[in-house]
Number of protein chains: 2
Amino acid sequence: MTRISCPKLSQKVTTADVAAGFINHGDNVGMSGFTGAGYPKVVPGALAQRIEAAHARGEDFSIGVLTGASTSTEMDGVLAQAKGIHMRTPFQSDPTLRKQINSDEVDYIDTHLSHLAQQVWFGFYGNLDVAVVEVSAILPNGLLVPSSAVGNNKTWLDQADKVIIEVNEWQPREYEGFHDVYYGTKLPPYRNPIQILDPTQRIGDPYLRVDPEKVVAVVKTHAPDRDNVFAPVDDNSKAMAEYLIDFLRHEVRAGRMPKNLLPLQSGVGNVANAVLAGLQESEFEHLTAYTEVIQDSMLKLLESGKLDAISATSFSLSGEMAEYFNDNIESFKGKILLRTQEMSNHPEIVRRLGIIAINGMVESDIYGHVNSTQVLGGQMINGIGGSGDFARNAFLNFFVSPSAAKNGAISAIVPMASHVDHTEHDVHVLVTEQGIADLRGLSPSKRAKVIIENCAHPDYRDRLTDYVERAKASATGRLHTPHILEEALSWHTKFRDTGQM
Amino acid sequence: MTRISCPKLSQKVTTADVAAGFINHGDNVGMSGFTGAGYPKVVPGALAQRIEAAHARGEDFSIGVLTGASTSTEMDGVLAQAKGIHMRTPFQSDPTLRKQINSDEVDYIDTHLSHLAQQVWFGFYGNLDVAVVEVSAILPNGLLVPSSAVGNNKTWLDQADKVIIEVNEWQPREYEGFHDVYYGTKLPPYRNPIQILDPTQRIGDPYLRVDPEKVVAVVKTHAPDRDNVFAPVDDNSKAMAEYLIDFLRHEVRAGRMPKNLLPLQSGVGNVANAVLAGLQESEFEHLTAYTEVIQDSMLKLLESGKLDAISATSFSLSGEMAEYFNDNIESFKGKILLRTQEMSNHPEIVRRLGIIAINGMVESDIYGHVNSTQVLGGQMINGIGGSGDFARNAFLNFFVSPSAAKNGAISAIVPMASHVDHTEHDVHVLVTEQGIADLRGLSPSKRAKVIIENCAHPDYRDRLTDYVERAKASATGRLHTPHILEEALSWHTKFRDTGQM
C-alpha cells in the first residue's frame with residue numbers, strides 16, 4: 001500500500017537530488033530529528049554532495065540548520081563533513097560537527113529545547129527558508145503521519161517558505177494515532193493555558209499539517225533510525241540508580257510524594273538506563289513518564305507493566321529494540337504519546353505535573369552549580385538539551401554522574417565549575433556512585449559539606465575539604481560561597497596540562 | 001472605625017511582647033514583607049528583645065526566617081542585630097543581615113521568588129511553626145484584607161501551626177479589593193492550569209484566609225512601610241533607558257512586538273526608574289505591567305495614562321509617594337492588582353503573557369553569563385529575587401548595568417563572571433550606557449564581539465578584546481567559549497588586591 005495517498009502531494013514525488021536542489025546557500029533549514037530518530041535520511045546526503053560540488057567550483061555554500069535535537073551521520077554528519085553548516089541549533093552530538101563547533105567554524109547556539117520553536121516564531125532567527133521533515137505517511141487529504149520523533153516539525157512546517165517531505169517506509173505506517181500535535185499555540189499576547197493535566201492527555205491532533213502549495217518535493221526513503229546502543233549497566237551506574245531509587249522511597253515514606261511517585265523525566269545515557277532498570281526491580285507501580293525521549297529501558301518498563309504510560313517527543317532506541325517496537329507497535333498504542341518538544345519540555349506543564357527530573361552532568365562544584373555542556377570552560381560536548389527545561393521547573397531534580405572519570409583522572413566534583421548551565425538556585429539533589437547529596441533548603445556552605453562527604457570520590461575528598469577550609473580562611477567578608485579565585489579553576493588547568501586533576 | 005471586626009479574632013488582640021512570646025528558639029517563621037512593604041512592624045522588634053534577653057541569660061535563641069523578599073530595619077534589621085536569625089530565605093537587603101550572611105553566621109538560601117511557596121508546601125524546609133503577617137483589616141467573618149504586599153502570606157497562613165496577625169492602621173482600609181489571592185493551587189499531581197490570560201485578570205479572592213483556631217495573637221500597629229528613596233535619574237541611567245526604549249521601537253517596527261508592547265516587568269532600582277520615566281516621554285500607549293513590584297515611576301506611568309494596569313505582588317514606594325497613594329487610593333482601584341508572588345512570578349504566566357523583563361546585573365561575561373547576586377565570587381549582595389523567574393520565561397529579557405562602577409575601577413563586562421545566576425542560554429539583551437548588545441541567535445564568539453564593542457566601557461574594551469584573541473589563540477579545540485582559565489578570574493583578583501580591575 002502506498003504511503004503517499006494525497007493526489008496533490010504525490011505529484012511532487014521526486015529524487016533526493018532534485019529535492020536538495022531547492023536548498024540554497026545561506027538558507028535557514030529546519031530539519032526533523034530528535035536524539036537520532038525521525039531525521040531526514042537522504043536529502044541531507046544529496047545536499048552535502050551539492051555543497052561539495054559548489055565548493056569544488058570555488059563557490060560558497062553553507063546553511064543554517066535548526067532541528068529538534070541530535071540527529072545522525074546521515075544528517076549532521078554528512079553536512080558537517082561537506083563543511084556545509086555555518087549555524088546550528090539547538091542540540092547536537094555528531095563528532096565531525098562537534099569538532100567544527102570547537103574550532104569555531106560553526107556558530108552553535110546551545111538553546112533550551114522548549115525555547116527554540118517559540119524563538120523562531122518570535123523572529124529571533126530570521127526567516128526559515130526550507131523545512132525538511134521525515135514522516136511515515138501522507139494521507140489522502142494531505143495530513144502527515146509523523147514518524148519516530150515530533151520535535152520541532154510543526155514549527156518548521158508552519159514557518160518555512162518551502163517544504164521537503166521524506167516519507168520513510170521503514171517507519172511503521174501504524175504510527176498513526178501515536179502523536180499529539182498541539183495547534184493551539186499562539187504568539188503573545190494571545191496565548192492560552194495549555195490544558196494538559198495528565199502525562200498522556202491529548203490536547204492536539206494526531207497529524208502534522210502542511211500547506212500543499214509550499215511543498216516543493218516529496219522523497220521516498222526506506223532507512224532505519226540511528227542505532228542507539230548503550231553500554232550494559234555497570235557497577236557505578238547500578239550504585240547511582242540504587243541511591244536514587246532509595247531516595248525516592250525515602251521521599252514517599254516522608255509523605256512528600258505519592259506512592260506511585262510523580263511523572264518521570266530521564267535524560268539519555270547509561271545512568272538513566274540503570275535507574276529505569278532499577279525501577280523495574282522495585283516495588284513501585286503505576287508509574288508514568290513525562291519526558292523527552294523513550295529509551296530501550298523505558299520501553300521495557302512500559303512493557304513490564306510498571307509504567308502505565310509515556311509522554312515524550314521522540315524515541316531513541318537501539319536497532320534491536322526499534323525492530324521489536326516496529327513489529328509490535330499495535331500493542332503500544334494508547335500507552336505512548338509523542339508531542340512537539342515545545343509541549344514535552346514546556347515549563348508550564350513540567351511545573352504543573354510536578355516532574356521528577358533525572359539528568360546527567362559533566363561536573364558540579366562544591367556549591368551545587370552544575371556544568372552539563374562543556375569541558376575545560378570552552379569545549380562543547382553536546383548541549384544543554386532539555387535539562388534546563390525540566391530541572392528548573394521540576395518538583396524534584398537529580399543530577400547524576402560517576403564521581404570520577406578517565407580512570408580517576410577527572411573529579412566530577414570540583415571547586416568551581418568551569419561552565420555553569422544550572423545555577424545553585426536550580427539544583428536539588430546530586431548523585432554519584434559514592435552517594436547522594438540532598439541540597440534542598442541548604443545554604444552554600446552546608447551544601448559544600450554534604451557534596452564533598454557524600455558525592456566526591458575518596459581520592460579527591462581531602463583536597464576539596466582543604467580548598468573549602470582555605471577559602472573560608474582567606475575570603476573574609478565573602479563567606480556566602482567562599483572561593484580562592486586564583487585557585488578556583490586550577491583543577492581544570494592541571495588536568496589540561498598534566499592529564500590529571 | 002475599628003479595623004478588627006471579627007468577634008473571635010478581636011479577643012486575641014494583645015501586645016507585641018505577648019505575641020513574640022509565641023515564637024520559640026529553633027522555630028521556622030514565615031513573615032510577611034516584600035521589598036520593604038507589608039512586613040510586620042512591631043512583633044520582630046519585640047522578638048529581638050526576647051532573643052537578646054535569652055542570649056544575656058546564656059541561652060540559645062535563633063529562628064529561621066522566610067519572607068516574600070526584602071523587608072526593613074524593623075524586621076530583618078532588628079532580628080539580625082539581636083543575632084536572632086540562623087536561616088534566611090528567599091531574598092534580603094538589610095546591611096546587618098548581609099554582613100552576617102557574608103561572615104557565614106547566617107545560612108542564606110538564595111531562592112527564585114516563585115519557588116519558595118511551593119517548596120514549603122513540598123516540605124523542603126520542614127515544618128513552618130509560626131506565621132507573622134501584616135494586614136490592613138480583619139473582616140467580621142475573619143477574612144483578612146492584605147496590606148501593601150501579598151508575597152508568600154497565603155502560604156504562611158495556610159502552613160504555619162501558629163499565626164500572629166499585625167493590623168496596621170497606617171495601611172489604608174481601602175486596600176479592600178486591590179488583591180487577588182489565588183486559592184486554586186494544589187500539590188502535584190492535582191494541579192490545574194492557572195487561567196490568567198491578561199495581566200490584571202482576577203482568578204482568586206480579594207482576601208487572605210486564616211483558620212481562627214491557629215491565631216494566637218493579633219497586634220495593632222500604626223507604622224509606615226520602608227521609605228524607598230531612589231537617586232534622581234542620572235545621565236548613565238538615562239542613556240540606558242534611551243537605548244532600551246529605542247530597541248523596543250525597533251522591535252515594533254520589525255513586527256516582532258505589538259504597538260503597545262507586551263506586559264512589562266521591571267526590577268527595582270535606578271535604571272528601572274529611568275526606563276519607566278523614559279516610557280513616560282515616549283509615544284507608547286496602553287502599556288501594561290506584569291511585575292513583582294510597583295515603584296514610584298510605575299505608579300506615575302499609571303497615573304499619566306500611559307500604563308493601563310499593573311499586576312504585581314507588592315509596592316516599593318518612597319515615603320512621599322506612599323502618602324500620596326494612600327490619600328488617593330480610591331482613584332487607583334481596578335487598575336492595580338496585587339497577587340501572591342507564586343502568581344506574579346509564575347513561569348507559566350510569564351511565558352504565556354510574553355513578558356518584557358528588565359533586570360539589573362552585577363556583571364556579564366563576554367559570552368553572556370550574568371551575575372546578579374555576588375561580588376568577587378562569594379560576597380552576597382541581595383539575592384536573585386525574581387530575575388530568574390522572569391528572564392528565563394520572558395518573551396524578551398534585558399539585563400542592564402552601567403559599564404563601569406566605582407569611578408571606573410570595576411568593569412561590568414568581564415572575561416568570566418565570578419558567579420553565574422543567569423546562564424548564556426537565558427540572556428537576550430545587555431544594556432549599558434555605552435550601548436546595547438542583542439545576543440539573540442548569536443553564537444558565543446559573536447556574542448563576545450558585540451558585548452565588548454557595544455557594552456563595555458572604552459577603558460576596558462581593548463583588554464577584553466585582547467583576552468578574547470589570546471583565548472582563541474591558546475584554546476585550540478575549545479573554541480566554543482574560549483577562555484584562558486588561569487586568567488579568566490584575574491580581573492576580580494586584581495580588583496580585590498588593588499581596588500582596580
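None of the values given here were measured: they were computed from a predicted structure. We name chains A, B, ... by the order of the sequence lines, and we start the count at 1 in each one.
Residue K494(A) places its NZ atom among more than 12 non-hydrogen atoms of other residues, nucleotides or ligands, all under 6.0 Å distant.
Taking the side chain as every heavy atom from C-beta outward, D389(A) and V350(A) never approach each other to under 4.5 Å. Counting heavy atoms from C-beta on, the side chains of V65(A) and M87(A) never come closer than 4.5 Å. Contact of the S443(A) side chain with the Y108(B) side chain is not registered, since no non-hydrogen atoms from C-beta on lie closer than 4.5 Å. Here the side chains of H86(B) and D107(B) are not in contact, with every heavy-atom distance at 4.5 Å or above. Considering only heavy atoms from C-beta on, T185(B) comes within 4.5 Å of Y182(B) through its side chain. Put simply, the side chain of L128(A) reaches to within 4.5 Å of the side chain of L66(A), judged on heavy atoms. Contact of the Y125(B) side chain with the L116(B) side chain is registered, since non-hydrogen atoms from C-beta on lie closer than 4.5 Å.
With a threshold of 4.5 angstrom between heavy atoms, D365(A) does not approach chain B through any atom at all. If you measure heavy-atom distances from T89(A) to chain B, you find no contacts under 4.5 Å at all. Proximity to chain A is absent for every atom of E105(B), based on heavy atoms less than 4.5 angstrom apart. Within the 4.5 angstrom heavy-atom criterion, only side-chain atoms of R496(A), from C-beta onward, approach chain B. Neither the backbone nor the side chain of K186(B) comes within less than 4.5 Å of any heavy atom of chain A. Proximity to chain A involves both the backbone and the side chain of F122(B), based on heavy atoms less than 4.5 angstrom apart. Contact of I194(A) with chain B is made through the backbone alone, with heavy-atom distances under 4.5 Å. Interface residue M416(A): only side-chain heavy atoms are found under 4.5 Å from chain B.
Contact count versus chain B (heavy atoms, under 4.5 Å) is highest, among R88(A), H422(A), K472(A), H346(A), for H346(A). Put simply, of G64(A), G123(A), P347(A), G354(A), the one with the most heavy-atom pairs under 4.5 Å next to chain B is P347(A). Most heavy-atom pairs under 4.5 Å with chain B: of the set G126(A), G388(A), A471(A), P482(A), this distinction falls to G388(A). Between chain A and the residues M380(B), R440(B), Q379(B), R351(B), the most heavy-atom pairs under 4.5 angstrom are made by R351(B). In terms of heavy-atom pairs under 4.5 Å with chain A, the best-connected choice from R447(B), E424(B), K99(B) is E424(B). Highest contact tally toward chain B, considering only T111(A), L353(A), I384(A), is held by I384(A) [criterion: heavy-atom pairs under 4.5 Å]. Comparing S114(A), P90(A), S418(A) by heavy-atom pairs within less than 4.5 Å of chain B, the highest count is held by S114(A). In terms of non-hydrogen atom pairs under 4.5 Å with chain A, the most contact-rich of I355(B), L442(B), T476(B), D198(B) is L442(B). When the candidates H483(B), H492(B), K446(B), R392(B) are compared by the number of heavy-atom contacts under 4.5 Å with chain A, R392(B) comes out ahead. Per-residue heavy-atom pair counts under 4.5 Å with chain A were compared for D104(B), L197(B), D438(B), and the maximum is reached by D104(B). Interface check for chain A: of the options E251(B), R352(B), H115(B), the most heavy-atom pairs under 4.5 Å are formed by R352(B).
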Next on the checklist: Checking L489(B) against E486(A) for the side-chain contact (heavy atoms from CB on, under 4.5 Å) test, could you report, in this order, the C-alpha distance in whole Å, the side-chain angles of both residues, the deciding distance, and whether it holds?
Outcome noted: CA-CA 7 Å; L489(B) 300 169; E486(A) 289 86 346; over 6 Å; no
Between H480(A) and D110(B), is a side chain to side chain donor-acceptor pair (under 3.5 Å) present by the stated rule, with each step listed?
CA-CA 10 Å; H480(A) 181 59; D110(B) 184 18; 5.5 Å; no
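Applying the side-chain contact (heavy atoms from CB on, under 4.5 Å) rule to S490(B) yields the partners E487(B), T493(B); only residues at least two apart in sequence or on another chain are considered. H428(B) meets the ring-ring contact (aromatic ring centres under 6.0 Å, His included) test with F124(A); sequence neighbours excluded.
For residues 254-265 of chain A, heavy-atom neighbours of chain B at less than 4.5 Å comprise R256(A), P258(A), L262(A), sorted by residue number. Residues of residues 366-378 of chain B lying within less than 4.5 angstrom of chain A, judged on heavy atoms, are H369(B), Q374(B), V375(B), L376(B), G377(B), G378(B) in numerical order.
Between the OG atom of S387(A) and the CG atom of N382(A) there is a distance of 11.0 Å, given to the nearest 0.5 Å. Atom CG in N397(A) sits 9.0 Å away from atom CG in L439(A) (nearest 0.5 Å). Note: D497(B) CG to L485(A) CG = 9.5 Å, rounded to the nearest 0.5 Å. A distance of 13.0 Å separates CG of L479(B) from CD of Q100(A), quoted to the nearest 0.5 Å. Atom CG in N192(B) sits 12.0 Å away from atom OH in Y190(B) (nearest 0.5 Å). To the nearest 0.5 Å, atom CG of residue D308(B) and atom NE2 of residue H286(B) are 5.5 Å apart.
Below 30°, between 30° and 60°, or above 60°: for H419(B) and H425(A) the angle between ring planes is above 60°, a perpendicular geometry.
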